[in-house]
Student: 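If you scroll down you'll find the structure; I have some questions about it.
The chain is numbered in sequence order, starting from 1.
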Amino acid sequence: MIKTFNINCTGCGACYSKCPAKAITMVENQEGFLEPLVDKAKCTNCGLCSKICPVLNPVYRNNNSPACYAVMASDDIRQESSSGGVFPLLAYHFLEQGGFVAGAVWDSPWSVKHIISDKKADIELMRGSKYLQSTMGNCYKETKDILEAGRSVLFTGTPCQIAGLNAFLQKDYENLYTVEIVCHGTPSPKVFKKYLEENFDLNMIENYNFRPKTHRGWGCGVLLDVKVNNKSKLIEGYKDCYNLAFHAGLIARNSCGECKFNKLPRQANITIGDFWGIDKVNKKYNDKKGISVVLINNLKGEILLNILNSSSKFLKKVPIKSAIRSNPNIIKPNKNHRQRELFYQNIDKVSINENVGRILNDNCDCMLINLWSTCNYGASLTCLGVKFLLEKLNMQTKVIR
Ligand SMILES: Cc1cc2nc3c(=O)[nH]c(=O)nc-3n(C[C@H](O)[C@H](O)[C@H](O)COP(=O)(O)OP(=O)(O)OC[C@H]3O[C@@H](n4cnc5c(N)ncnc54)[C@H](O)[C@@H]3O)c2cc1C
């Protein structure tokens, strides 16, 4: 077996799903992300995996300056969704029309996977943001089978997953509609599991809600709700190491920092996210129950907009600039933290709490004082050598000039 190492691989799994020889499996790397592994004995060297890889062959065919809307579903729908409830509005419509919906659900033990379903109960499980990378499994293939059987599909996911689906299908299906979320980057499932193990009794967790609205509503600081033993444990986001690391870009996949898809022009028919800057558009639009930003990226997006127009409580066209100002991830990927690599180097050596704390609090085990004058390369190299040596000994080291 030979690992195909591509530092920009998003783990979308298009190559795995497409390989005619079934020579590719998705395996977990040291950081806990899935990446393709090619079985040389089965590989026929047809090259299809590289030909369709969306990272190697990115496609940009949507509007570079999409129309932008602020949208809200009814209060009861928004209560169970992370933002303005755009996802459930569209998903319910597709179910009513006899279609299918694909999205991310919790999988045991506390990982996230993509499923495709025509059952309302499954749509309910897809609701809510789960801030870790979801596993695609065979969802692309199942989507294709359903599309070829003539049923319509609403496929939702991160921009790289939409790019992966399009790459796998290599065809515009009339009955396929795509929705992507604005994406801050997807953390590793291994980090999330480790964090849960360290901070809770894993077997006792019944639900983990990254975005509950029950206590403070929407947009009023991060509050996590972890249901253990039938009781809600509320955790302030600024005290939670996973939440802090996620927002700092410390635990996202390597490719996320330079994502080729979370930017304009976008990948899906429509893009949905939080309308964080809504107060600057008009304070009256913010009832603190959640409001979404929606970008209409192409003609099919307009069909989805019509569905929202007839099912939402509030829908208003606004300048895209007003949404970008407070949500730059609409137009560009979130940069990974400069010490992301150090975090992952230490992932199996220290606890997540300690690992995150050391980096974000700028703690270190050792200070190296170095005296050098301009162009004293010998001193600089000695310093670098000692720093590497200390880090090999698992000591986080800072250099003071
Ligand atoms: C990892 C991640 C990062 C995000 N970053 C931003 C951001 O920087 N800015 C911003 O405005 N919005 C971001 N969002 C999107 C936002 O949190 C909401 O998910 C989105 O606005 C939809 O809300 P809703 O109320 O319409 O739908 P909900 O009813 O809350 O439905 C959630 C939707 O998100 C999908 N989803 C949930 N978890 C995942 C996952 N792990 N992988 C793929 N799809 C998933 C579900 O399938 C469903 O389509 C992010 C979401 C995720 C999962």
Student: Is the number of heavy atoms from other residues, nucleotides or ligands within 6.0 Å of CD (Glu206) greater than 12?
Tutor: yes

Student: Work out which heavy atom in Ser50 is nearest to a heavy atom in Leu56; give both atom names and the distance.
Tutor: O-CD1, 3.9 Å

Student: I'd like to check Pro54 versus Phe168 (side-chain heavy atoms, cut-off strictly below 4.5 Å). Are they in contact?
Tutor: no

Student: For Ser82 and Ser129, indicate whether the former's side chain and the latter's backbone hold a donor-acceptor pair under 3.5 Å.
Tutor: yes

Student: Under the side chain to side chain contact (heavy atoms under 4.5 Å, CB included) rule, collect the residues that match up with Thr271, sequence neighbours excluded.
Tutor: Glu180, Val182, Arg266, Leu295, Asn297

Student: Mark yes when over 12 heavy atoms from residues, nucleotides or ligands other than Lys349 sit less than 6.0 Å from its NZ; otherwise mark no.
Tutor: yes

Student: Which donor-acceptor pairs under 3.5 Å do the side chains of residues 218-228 make with protein atoms, sequence neighbours left out?
Tutor:
| residue | atom | partner | partner atom | Å |
| --- | --- | --- | --- | --- |
| Trp218 | NE1 | Asp274 | OD1 | 2.9 |
| Asp225 | OD1 | Ser232 | OG | 3.0 |
| Asp225 | OD2 | Ser232 | OG | 3.3 |

Student: Any side-chain to backbone donor/acceptor pair from Lys130 onto Gly128? Under 3.5 Å, distance only.
Tutor: yes

Student: Should Glu124 and Arg127 count as an ion pair when the cut-off is N to O under 4.0 Å?
Tutor: yes

Student: Can you check salt bridge (charged side-chain N to carboxylate O under 4.0 Å, His left out) on Asp365 and Arg358, steps first, answer last?
Tutor: CA-CA 9 Å; Asp365 302 307; Arg358 273 189 193 182; 3.6 Å; yes

Student: Would a 4.5 Å heavy-atom cut-off, applied to side chains only, mark Thr178 and Leu165 as touching?
Tutor: yes

Student: Pairing donors with acceptors under 3.5 angstrom, does anything connect the side chains of Asn62 and Gln267?
Tutor: no

Student: Please lay out, stage by stage, how Asn29 and Tyr344 fare under the test side-chain hydrogen bond (donor to acceptor under 3.5 Å, both in side chains).
Tutor: CA-CA 11 Å; Asn29 65 17; Tyr344 276 108; over 6 Å; no

Student: What verdict does the side-chain contact (heavy atoms from CB on, under 4.5 Å) test give for Thr135 and Asp107, after you've listed the backbone C-alpha separation in whole Å, the side-chain angles of each residue and the deciding distance to 0.1 Å?
Tutor: CA-CA 10 Å; Thr135 307; Asp107 192 15; over 6 Å; no

Student: Taking NZ, NE, NH1 and NH2 as the nitrogens, is one of them in Asp145 or Arg151 under 4.0 Å from a carboxylate oxygen of the other?
Tutor: no

Student: Are side-chain heavy atoms of Pro319 and Cys68 found at a separation under 4.5 Å?
Tutor: no

Student: Could you go step by step and tell me if Cys139 and Phe155 meet the side-chain contact (heavy atoms from CB on, under 4.5 Å) rule?
Tutor: CA-CA 10 Å; Cys139 201; Phe155 193 101; 4.2 Å; yes

Student: Evaluate the ring planes of Tyr131 and Phe246, with Trp represented by its six-membered ring, and classify them as parallel (under 30°), tilted (30 to 60°) or perpendicular (over 60°).
Tutor: parallel

Student: Is there a donor-acceptor pair under 3.5 Å between the side chain of Asn269 and the backbone N or O of Gly301?
Tutor: no

Student: Determine yes or no for a side-chain-to-main-chain donor-acceptor pair under 3.5 angstrom, with Asn355 supplying the side chain and Phe343 the backbone.
Tutor: yes

Student: Quiz question: by atom type and distance under 3.5 Å, do the side chains of Ser134 and Gln161 form a donor-acceptor pair?
Tutor: yes

Student: Determine whether Asn166 and Arg61 make a side-chain contact, defined as any pair of heavy atoms from C-beta on separated by less than 4.5 Å.
Tutor: yes

Student: Is Asp172 salt-bridged to Lys300, cutoff N-O under 4.0 Å?
Tutor: no

Student: Backbone N or O of Cys183 within a donor-acceptor pair of the Asn262 side chain at under 3.5 Å?
Tutor: yes

Student: Taking the side chain from Ser188 and the backbone from Lys190, do they hold a donor-acceptor pair closer than 3.5 Å?
Tutor: yes

Student: Would you say the side-chain atoms of Tyr69 and Asn309 include a donor-acceptor pair closer than 3.5 Å?
Tutor: no

Student: Does Glu174, at its CD atom, have more than 12 non-hydrogen atoms belonging to other residues, nucleotides or ligands within less than 6.0 Å?
Tutor: no

Student: List in chain and number order the residues that pass ring-ring contact (aromatic ring centres under 6.0 Å, His included) with Phe314, two or more places apart in sequence or in another chain; answer none if no residue qualifies.
Tutor: Tyr285

Student: Flag the pair Thr156 / Phe87 as yes when at least one side-chain heavy-atom distance between them is below 4.5 Å, and no otherwise.
Tutor: yes

Student: Side chains of Ser152 and Asn175: any donor to acceptor distance under 3.5 Å?
Tutor: no

Student: Show the numbers, then the answer: is there a salt bridge (charged side-chain N to carboxylate O under 4.0 Å, His left out) between Asp279 and Lys284?
Tutor: CA-CA 8 Å; Asp279 283 348; Lys284 281 191 206 143; over 6 Å; no

Student: Do you know the tightest heavy-atom contact between Ser326 and Lys280?
Tutor: OG-NZ, 4.1 Å

Student: Run the numbers on Tyr238 and His247 for ring pair (Phe, Tyr, Trp, His ring centres under 6.0 Å), then give the verdict.
Tutor: CA-CA 10 Å; Tyr238 70 88; His247 282 100; over 10 Å; no

Student: Minimum heavy-atom separation for His337 to Ile359, with atom names?
Tutor: CE1-CG2, 3.5 Å

Student: Donor-acceptor check, side chain of Ser292 to backbone of Val294, threshold 3.5 angstrom: yes or no?
Tutor: no

Student: Using 4.0 Å as the upper bound for N to carboxylate O, is an ion pair formed by Arg211 and Glu80?
Tutor: no

Student: Are the side chain of Lys260 and the backbone of Asn8 linked by a donor-acceptor contact shorter than 3.5 Å?
Tutor: no

Student: Quiz question: by atom type and distance under 3.5 Å, do the side chains of Asn353 and Ser351 form a donor-acceptor pair?
Tutor: no

Student: If the condition is ring-ring contact (aromatic ring centres under 6.0 Å, His included), which residues does Tyr173 pass it with, not counting sequence neighbours?
Tutor: none

Student: Using modelled atom types only, decide if a donor and an acceptor are shared between the side chain of Arg340 and the backbone of Leu250 within a distance under 3.5 Å.
Tutor: no

Student: Can you run down the salt bridge (Lys or Arg N to Asp or Glu O under 4.0 Å) pairs that involve residues 312-321, sequence neighbours left out, and say none if there aren't any?
Tutor: Asp75-Lys313

Student: Has Asn327 got a side-chain atom pairing as donor or acceptor with Ala323's backbone, closer than 3.5 angstrom?
Tutor: no

Student: Mind checking whether Gln30 and Ile347 have side chains closer than 4.5 Å, heavy atoms only?
Tutor: yes

Student: Run the numbers on Ser322 and Phe275 for side-chain contact (heavy atoms from CB on, under 4.5 Å), then give the verdict.
Tutor: CA-CA 9 Å; Ser322 63; Phe275 208 130; 3.8 Å; yes

Student: Looking only at heavy atoms, which two atoms of Pro20 and Leu48 are closest? And how far apart?
Tutor: CD-CD2, 4.0 Å

Student: Report yes if the side chains of Pro36 and Cys15 come closer than 4.5 Å at any heavy-atom pair, otherwise no.
Tutor: yes

Student: Can you establish whether the number of heavy atoms outside Glu258 located under 6.0 Å from its atom CD is more than 12?
Tutor: no

Student: Would you name the heavy atoms of Cys383 and Val399 that are closest together and state the gap between them?
Tutor: SG-CG1, 3.6 Å

Student: Under the side chain to side chain contact (heavy atoms under 4.5 Å, CB included) test, which residues partner Phe192, sequence neighbours left out?
Tutor: Trp106, Trp110, Leu132, Tyr195, Leu196, Tyr208, Phe210, Tyr242

Student: Looking at Ser17 and Lys141, what are the two nearest heavy atoms and their distance?
Tutor: O-CE, 3.5 Å

Student: Verify side-chain contact (heavy atoms from CB on, under 4.5 Å) between Val293 and Ile330, making sure each step is shown before the conclusion.
Tutor: CA-CA 9 Å; Val293 58; Ile330 290 174; 4.2 Å; yes

Student: Is the distance between the ring centroids of Tyr177 and Phe94 less than 6.0 Å?
Tutor: yes

Student: Got Arg253 and Gln133 here, is their nearest side-chain heavy-atom distance under 4.5 Å?
Tutor: yes

